> 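So that we are looking at the same thing, I have put the structure below in structure tokens.
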Amino acid sequence: MSEKYQWMTEQEFMEEVKDLDKLLHDFCEGSGTYPFESVKTNVTALRDIIVRVHKRKHYFKVFHNEMITSEYKETALYCYWFLKLRPLWIDSDYASSERLNEKFALHLYISLLKKYNGDFSEDDGINKVHIRELLYSFRFRDITKESMILMLEPYYYEYLRKKDAAF
């Protein structure tokens, strides 16, 4: 790691944990399948995910001419690492944890699109067939960090274009 790298503080880490916990709570509430109280988290894997995303943001800054990492890139990285390290599971007899990490990554993905692309709707931007294809791809295909970023970037550029017509 570059000598310029600044390790994240415990406060920054806890903010990330709090944000992810809120997203997980929203996901569980919206899914109706996964009770929030039943979802377990591998804290070591979660810390690893948060640190890896933080380091990648630093990588973009150092090796790509002070590039600022958009929330789209950051979300793509979180999706990638949740799929790779699979920190979530359900330790329960009544709820299936099948594809829990994949569905949570999809929730991160769609939540970001809804947040910044005001006119985005699942009917509009991602239809049910696309959602099934994403879930299948998240589970069974090899998706790199870069391809995950590329999947979200067109929405980022659309957001920038709508925000500033000169873009």
Side-chain angles (χ1 to χ4, degrees), residues 1-91 95 97 99-118 120 125-126 134-135 138 143-160 162-164:
M1 186 62 22
S2 166
E3 64 277 351
K4 295 180 187 178
Y5 180 69
Q6 297 289 316
W7 286 93
M8 67 187 323
T9 65
E10 193 62 26
Q11 182 179 350
E12 290 171 319
F13 173 76
M14 292 310 294
E15 281 298 314
E16 289 296 316
V17 169
K18 188 168 68 170
D19 291 346
L20 289 169
D21 192 56
K22 182 186 179 321
L23 285 164
L24 180 61
H25 190 273
D26 293 346
F27 164 71
C28 290
E29 195 173 277
S31 78
T33 305
Y34 307 107
F36 180 73
E37 310 76 40
S38 298
V39 177
K40 307 295 182 208
T41 305
N42 179 327
V43 178
T44 304
L46 183 63
R47 178 173 286 278
D48 193 21
I49 289 169
I50 292 169
V51 169
R52 285 175 182 274
V53 171
H54 189 262
K55 285 180 177 180
R56 185 67 173 200
K57 287 167 55 175
H58 174 74
Y59 167 85
F60 283 122
K61 193 172 185 179
V62 171
F63 295 104
H64 294 283
N65 299 324
E66 299 294 317
M67 177 190 287
I68 302 299
T69 305
S70 71
E71 194 171 345
Y72 288 78
K73 276 189 175 82
E74 188 172 339
T75 299
L77 292 168
Y78 272 112
C79 289
Y80 173 81
W81 285 113
F82 267 88
L83 296 173
K84 191 74 160 174
L85 298 181
R86 306 179 58 72
L88 305 175
W89 78 95
I90 294 180
D91 190 19
S97 62
R99 298 191 179 153
L100 173 61
N101 289 281
E102 292 85 350
K103 289 178 181 177
F104 182 64
L106 183 65
H107 176 73
L108 293 175
Y109 190 99
I110 292 174
S111 294
L112 177 75
L113 298 179
K114 287 180 178 178
K115 180 178 177 182
Y116 287 108
N117 301 75
F120 176 83
I126 297 182
L134 280 172
L135 280 173
F138 284 178
I143 299 176
T144 65
K145 290 181 284 296
E146 290 74 17
S147 62
M148 187 68 78
I149 290 168
L150 289 172
M151 286 168 44
L152 276 170
E153 275 192 331
Y155 296 106
Y156 177 57
Y157 294 125
E158 182 66 15
Y159 163 72
L160 292 177
K162 286 178 182 175
K163 193 174 167 185
D164 180 3

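Predicted model only: the values in this text are computed from it and were never measured.
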> Say you draw a straight line from CG of L88 to NZ of K40; how long is it, rounded to the nearest 0.5 Å?
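These two atoms lie 12.0 Å from each other.
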> Using the salt bridge (Lys or Arg N to Asp or Glu O under 4.0 Å) criterion, which residues pair with R99? Sequence neighbours excluded.
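Testing R99 for salt bridge (Lys or Arg N to Asp or Glu O under 4.0 Å), a comparison that skips the adjacent residues, returns none.
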> Mind checking the CG-CG spacing from L108 to L24? Nearest 0.5 Å is all I need.
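Rounded to the nearest 0.5 Å, the CG-CG separation comes out at 9.0 Å.
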> State whether the side chain of S31 and the backbone N or O of C28 hold a donor-acceptor pair below 3.5 Å, judged by distance alone.
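Side chain of S31 to backbone of C28, a donor-acceptor pair under 3.5 Å: yes, one is there.
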> Under the rule for salt bridge (Lys or Arg N to Asp or Glu O under 4.0 Å), what residues qualify as partners of D48, not counting sequence neighbours?
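Listed in chain order: R52.
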> Could you walk me through whether I49 and L20 pass side chain to side chain contact (heavy atoms under 4.5 Å, CB included), step by step?
CA-CA 11 Å; I49 289 169; L20 289 169; 5.6 Å; no
> Can you name the salt bridge (Lys or Arg N to Asp or Glu O under 4.0 Å) partners of E15, sequence neighbours left out?
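Checked E15 against salt bridge (Lys or Arg N to Asp or Glu O under 4.0 Å); matches are K18.
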> So how far is it from Y109 OH to F104 CZ, rounded to the nearest 0.5 Å?
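Nearest 0.5 Å value for the OH-CZ distance: 16.0 Å.
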> Once rounded to the nearest 0.5 Å, what's the spacing between atom CG of L112 and atom OH of Y72?
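Here the interatomic distance stands at 5.0 Å.
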> Measure the OG-OH distance between S70 and Y155 for me, rounded to the nearest 0.5 Å.
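With rounding to 0.5 Å, OG (S70) is 14.5 Å from OH (Y155).
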> Quick one: side chains of residues 74-85, donor-acceptor pairs under 3.5 Å with protein atoms, not counting sequence neighbours, listed by atom name and distance.
from : atom 1 : to  : atom 2 : distance (Å)
E74  : OE1    : K57 : NZ     : 3.4
T75  : OG1    : E71 : O      : 2.8
Y78  : OH     : E16 : OE1    : 2.6

> Please list, chain by chain and in numerical order, all residues satisfying side-chain contact (heavy atoms from CB on, under 4.5 Å) with L135, sequence neighbours excluded.
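Partners of L135 by the side-chain contact (heavy atoms from CB on, under 4.5 Å) criterion, ordered by chain and then number, come out as E102, K103, L106, I131.
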> Kindly compute the distance separating CG (L150) from NZ (K73), expressed to the nearest 0.5 Å.
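The NZ atom of K73 is 8.5 Å from CG of L150, to the nearest 0.5 Å.
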> Who are the side-chain hydrogen bond (donor to acceptor under 3.5 Å, both in side chains) partners of T44, not counting sequence neighbours?
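Not a single residue meets the side-chain hydrogen bond (donor to acceptor under 3.5 Å, both in side chains) criterion with T44.
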> If you look at every heavy atom in F138 and M151, which pair is closest and at what distance?
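For F138 versus M151, the nearest heavy atoms are CE2-CE, 4.0 Å.
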> With sequence neighbours excluded, tell me which residues meet side-chain hydrogen bond (donor to acceptor under 3.5 Å, both in side chains) with T41.
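T41: no side-chain hydrogen bond (donor to acceptor under 3.5 Å, both in side chains) contacts found.
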> If the condition is side-chain hydrogen bond (donor to acceptor under 3.5 Å, both in side chains), which residues does Q11 pass it with, not counting sequence neighbours?
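Here no residue qualifies.
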> State which residues pass ring-ring contact (aromatic ring centres under 6.0 Å, His included) with F13; sequence neighbours excluded, sorted by chain then number.
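Result, ring-ring contact (aromatic ring centres under 6.0 Å, His included) vs F13: none returned.
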> Centroid-to-centroid, Y34 to F27, below 6.0 Å?
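Yes, the ring of Y34 comes within the 6.0 Å limit of the ring of F27, centre to centre.
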> Going by side-chain contact (heavy atoms from CB on, under 4.5 Å), name the residues that satisfy it together with D26, two or more places apart in sequence or in a different chain.
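Residues passing side-chain contact (heavy atoms from CB on, under 4.5 Å) with D26: K22, H107.
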> Run the side-chain contact (heavy atoms from CB on, under 4.5 Å) test against E29 and tell me which residues pass, sequence neighbours left out.
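Listed in chain order: H25.
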